[in-house]
Number of protein chains: 2
Amino acid sequence: MQVKIKDVAKMAGVSVTTVSRVLNGEKYVKDDLKEKVNKVIEELGYAPSQIARSLVRKKTNLIGVIVPDLTSSFYSTILSSIEDRASVNGYNLLVCNISEDIDKEYKYLNVFQEMRVEGIIIMHEKINEQIRAFIHKINTPVIFSSVKPMDQKFVSVIIDDYEAAYEATRYLIELGHEAIGFIGGDMRDITSGQNRYSGYRNAMSDRGKKLVFEHIRFGDYKVQSGYDQMKEMLSAGNRPSAVFAVSDDMAVGAMNCIRDHHLRVPEDIAVIGFDGSQLTELVRPTLTSMEQPIHEMGRVTMDVLLKLIGGETLPDGDVILKHRLMIRESSQSRSEQTNEAEETNKNT
Amino acid sequence: MQVKIKDVAKMAGVSVTTVSRVLNGEKYVKDDLKEKVNKVIEELGYAPSQIARSLVRKKTNLIGVIVPDLTSSFYSTILSSIEDRASVNGYNLLVCNISEDIDKEYKYLNVFQEMRVEGIIIMHEKINEQIRAFIHKINTPVIFSSVKPMDQKFVSVIIDDYEAAYEATRYLIELGHEAIGFIGGDMRDITSGQNRYSGYRNAMSDRGKKLVFEHIRFGDYKVQSGYDQMKEMLSAGNRPSAVFAVSDDMAVGAMNCIRDHHLRVPEDIAVIGFDGSQLTELVRPTLTSMEQPIHEMGRVTMDVLLKLIGGETLPDGDVILKHRLMIRESSQSRSEQTNEAEETNKNT
DNA sequence: CTGAAAGCGCTTACAG
DNA sequence: CTGAAAGCGCTTACAG
């Protein structure tokens, strides 16, 4: 049996009101009473029930977070900075890992509502009609992080995926590459699927580069699919001299595939990823990547949500964060490629 | 204003008791009343308050989890399977990322108590006296996952770290290696620090291998420290022909360092890691690793905790899971090393 | 089968 | 400065 405020009051010889007052640090409690109460609290190891407190205060200090895949370093890093900000502001995180299970998401959204969370963070954009309706119905603030679902009413903290993909592609073009392969995401995803693909496509056509059907493929953002899609691309003959994958994981998969085909990165094929995950510095060659400000994204998500919870009315629209191209070893200009390839040939 | 049970009762023309009954799926409610109530619930979008329910039932369905570092793939993978099992059993996770901050841990433990979580999972073994006392004091079940603090009373779900490290070292010895370097963990950690080091040391001495002072170093399990420690080892001259790092992250760091010194893995130096993280299959060469059953570890942790919560008395002591050596490309026998090295010389 | 009432463990006007 | 009482939104004996 947990000790409760009544026990403390009785033992200290005061009313529960007084105990409550010292608990909440109110003034208007004589010092000697305060001391006595604190001593009893210490003795009994009393910890006030947040459950009871939440009930009367109508404030739970709980935030619900829906993560698509906890084992992904991208999401868990965002989650980590969300947790950081939450903790600093006295909030606790209820975390749900849905792993592609849309039913689980809906179920959890309901749990969040029943738990009376004060805000909800979703890092997943494949929401269905049921979920959309639910979010519109509840009066709890909801914010999307790193993704943007197809609904103007929802607010997202994201980068400009179109522009980022455009710049990444343009960078490869400026290096002199003509045949630039693309490993995209799920076209049902607005941000990471459609927008990044459009950015690639437009950058290519704006510079008069031909889109080669065999060089355009789509994966699921994971390492294995990067490998698989690259394999398909290579088996199609006339291989590209550079490849842009819309996640670092896929880019690493692609690099591994290239290596397994006895080709070199970047000497034979340059590779560029997207996200700016830990992997970029960890693989060899290190991976050039269009980086999202992952930590900032988590921080800003939480800060905006806290404002929403606080009742502030924010300017309409999404919060757009800055992306940044981080150039590392995996990308190389087309001319260098040629030279090196020739030199290598001389040595053989 | 959230709609409450009273609103539903009024609109349905029944008592709150009846509404409560249909909410909880009790029998003894006439079908027509049940229908009417359900319709009103639907109409009003009523979701019962778990807060109020928890207060009266004295059951929160909450589990508190303390993770040392959410951005680590090892911990986030365990967390992922913990979440899975929790969800299936109707439990929700309150997640706290302490990132080496022991004060934050204590603070969160108190929050967990105030939230009346039914159980606590800790994946961190550097607990101090204050935390130890706290855990002994509260009557909430606490379980450690993947780590074991220095207190016989606490129950852990772990592998036999000593034996695993012994076997990993023995494997390298059997490959013909004599000079085997070691990159250990924090010696304040019983399992991953002390036990793995003892396993290495004893495997070496049991086979009559000399321990070379310069070949024994300690890091913090992360990639960078693997790199740094390897660098120190290489700069000491007389380099080892194999290195055993007690985390995959450090092993990858070591591999990168070796490569940056224009040496090859495994041809010049064989490398073996520990954990069995996603990295092992992702780096090139793929990394041989002494694997922990990461997913099983999360699952078992949750299952044991649920039994503890259910009041079952379990056999004393820790739950020991099986480790497994996964041989991949980064390890190679000493003799092959020599041969290949010679062949390479011929070609130059 | 149904409902009035007590109670879960707190906080917060209100009165003194 | 201090306390009695009402109330937060539910569930659960208890009575009918």
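Predicted model, so just to flag it, every value in this text is computed and none were measured. Just so it is clear: chains get the letters A, B, ... in the order the sequence lines come, proteins before strands, and each one is counted from 1.
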Q. D/dG3 C1' sits how many Å from A/K10 NZ, rounded?
A.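 Whole-Å distance recorded here is 16 Å.
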Q: Using whole Å, report how far CG of B/L23 lies from P of D/dC10.
A: 8 Å
Q.
Please list all pairs meeting ring-ring contact (aromatic ring centres under 6.0 Å, His included) that have one or both residues in residues 114-151 of chain B, counting only residues at least two apart or in different chains.
A. B/Y106-B/F134, B/H136-B/F154, B/F144-B/F154
Q) Which dot-bracket string fits DNA chain D when only Watson-Crick or G-U wobble pairs with both atom distances under 3.5 Å count, crossing pairs get [ ], and | stands for a partner on a different strand? A) |||.||||||||.|||
Q | Summary of side-chain hydrogen bond (donor to acceptor under 3.5 Å, both in side chains) pairs that have at least one residue in residues 7-18 of chain B, sequence neighbours excluded | A |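 Qualifying pairs, neighbours excluded: B/S15-B/T18.
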**Q.** From C/dA13, D/dT2, D/dT11, nucleotide with atom closest to B/N24 side chain
**A.** D/dT11
Just distance, no hydrogens or angles: give the donor-acceptor pairs under 3.5 Å from side chains in residues 38-55 of chain B, sequence neighbours left out.
| unit_1 | atom_1 | unit_2 | atom_2 | d |
| --- | --- | --- | --- | --- |
| B/N38 | ND2 | B/K34 | O | 3.3 |
| B/S49 | OG | B/I51 | N | 3.2 |
| B/S49 | OG | B/A52 | N | 3.1 |
| B/Q50 | NE2 | A/E114 | OE1 | 3.0 |
| B/S54 | OG | B/Q50 | O | 2.7 |
| B/S54 | OG | B/K59 | O | 3.2 |

Q: Please name the pair of heavy atoms, one in A/V147 and one in A/T191, separated by the smallest distance, quoted to 0.1 Å.
A: CA-OG1, 3.9 Å
Q.
Is B/S20 close enough to D/dT11 that one of its side-chain N or O atoms is under 4.0 Å from OP1 or OP2 there?
A.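 For B/S20, the contact criterion (side-chain N or O under 4.0 Å from OP1 or OP2 of D/dT11) is met.
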Q) Would you call A/E83 and B/K104 a salt bridge, taking side-chain N to carboxylate O under 4.0 Å as the test? A)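 Yes, this pair counts.
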Between the protein and nucleotides 7-9 of chain D, are there any N/O to N/O pairs under 3.5 Å, and if so, what are the atom names and distances?
| unit_1 | atom_1 | unit_2 | atom_2 | d |
| --- | --- | --- | --- | --- |
| D/dC8 | O3' | A/K58 | NZ | 2.8 |
| D/dG9 | OP1 | A/K58 | NZ | 2.4 |
| D/dG9 | OP2 | B/K4 | NZ | 2.8 |

Could you go over nucleotides 14-16 of chain D and give all protein N or O partners under 3.5 Å, atom names and distances?
none

Q.
At 4.0 Å (heavy atoms only), tell me whether B/T18 reaches a base, stays on the sugar-phosphate, or touches nothing.
A. sugar-phosphate
